[in-house]
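Have a look at the structure below before the remarks.
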Amino acid sequence: MDNAMENCIFCKIARGEIPAEVVWKDEHVLVFKDIHPATPKHFLAIPLEHIPTVNDADANNAAILGRLFVAAAETAKKFGFAESGYRCVVNCNRDAGQELFHLHMHIMAGKKFGWPPG
Ligand code: AMP
Ligand code: ZN
């Protein structure tokens with residue numbers, strides 16, 4: 001295993017080495033509760049594969065990244081906010097405030113969001 005995967009918090013969650021409140025999973029994607037929720041409902045969907053940022057998206061991982069949206073739809077249905085609405089956010093690098101360099105989709109709900117974001 002390379003160093004990035006060895007030390008990555010989300011890879012550790014994917015390997016079951018550190019706990020997380022998992023709410024949904026399939027063979028490629030895991031969804032769990034954000035440890036510091038920024039909205040009343042706040043989940044993270046991660047690919048099990050270590051993909052650092054959106055900049056690393058390519059044709060080889062397109063299907064897996066597409067599955068993040070399937071996971072978001074399933075989570076929204078499961079927690080009852082599909083119809084009221086929710087926001088899917090993927091931060092990339094410094095200007096977006098990405099802190100953990102294992103690509104993840106924030107699935108956020110339970111409030112009315114403003115647009116455009118500040
Ligand atoms: P980002 O700024 O897009 O990289 O978001 C990282 C997110 O990961 C933040 O919302 C954190 O609260 C969340 N987070 C960090 N560590 C954990 C963890 N061990 N379990 C669940 N969520 C986490
Ligand atoms: Zn990782």
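This structure is a prediction, so every number in the text was calculated from the model and none was measured. Start at 1 and go down the list; that is how both ligands and their atoms are numbered.
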Hey, what do you get for CZ (Phe43) to NZ (Lys78), rounding to the nearest 0.5 Å? 9.0 Å
Parallel, tilted or perpendicular, as decided by the 30° and 60° cut-offs, for the rings of His50 and His102: perpendicular
Hey, is the main chain of Val29 close enough, under 3.5 Å, to the side chain of Asp26 for a donor-acceptor pair? yes
Would you name the heavy atoms of Lys77 and Ala82 that are closest together and state the gap between them? N-CB, 4.1 Å
Checked the Zn ion (ligand 2): protein N, O or S atoms closer than 2.8 Å come out as Cys8 SG, Cys11 SG, His50 ND1, His102 ND1
Do Asn61 side-chain atoms and Asp58 backbone N/O form a donor-acceptor pair below 3.5 Å? yes
Show me a pair-per-line table, with atom names and distances to 0.1 Å, of protein N or O atoms that are under 3.5 Å from an N or O of ligand 1.
unit_1: ligand 1; atom_1: 2 (O); unit_2: Gly97; atom_2: O; d: 2.9
unit_1: ligand 1; atom_1: 2 (O); unit_2: Glu99; atom_2: N; d: 3.4
unit_1: ligand 1; atom_1: 3 (O); unit_2: Asn91; atom_2: ND2; d: 3.0
unit_1: ligand 1; atom_1: 3 (O); unit_2: His104; atom_2: NE2; d: 2.8
unit_1: ligand 1; atom_1: 3 (O); unit_2: His106; atom_2: NE2; d: 2.8
unit_1: ligand 1; atom_1: 4 (O); unit_2: Glu99; atom_2: N; d: 2.7
unit_1: ligand 1; atom_1: 4 (O); unit_2: Leu100; atom_2: N; d: 3.0
unit_1: ligand 1; atom_1: 4 (O); unit_2: His104; atom_2: NE2; d: 3.0
unit_1: ligand 1; atom_1: 5 (O); unit_2: His104; atom_2: NE2; d: 3.1
unit_1: ligand 1; atom_1: 5 (O); unit_2: His106; atom_2: NE2; d: 3.3
unit_1: ligand 1; atom_1: 10 (O); unit_2: Asp34; atom_2: OD1; d: 3.3
unit_1: ligand 1; atom_1: 10 (O); unit_2: Asp34; atom_2: OD2; d: 2.5
unit_1: ligand 1; atom_1: 12 (O); unit_2: Asp34; atom_2: OD1; d: 2.5
unit_1: ligand 1; atom_1: 22 (N); unit_2: Ile35; atom_2: N; d: 3.1

Show the atom names and distances, to 0.1 Å, of all donor-acceptor pairs under 3.5 Å that link a side chain in residues 107-118 to residues at least two apart or in another chain.
none

Which atoms form the tightest heavy-atom contact between Asn93 and Gln98, and what is the distance? N-OE1, 2.9 Å
So salt bridge (Lys or Arg N to Asp or Glu O under 4.0 Å) across residues 12-22, not counting sequence neighbours, yields Arg15-Glu17, Glu21-Lys33
Between Phe32 and Phe10 (judged by ring centroids, cut-off 6.0 Å), do the two rings come close enough to count as a pair? yes
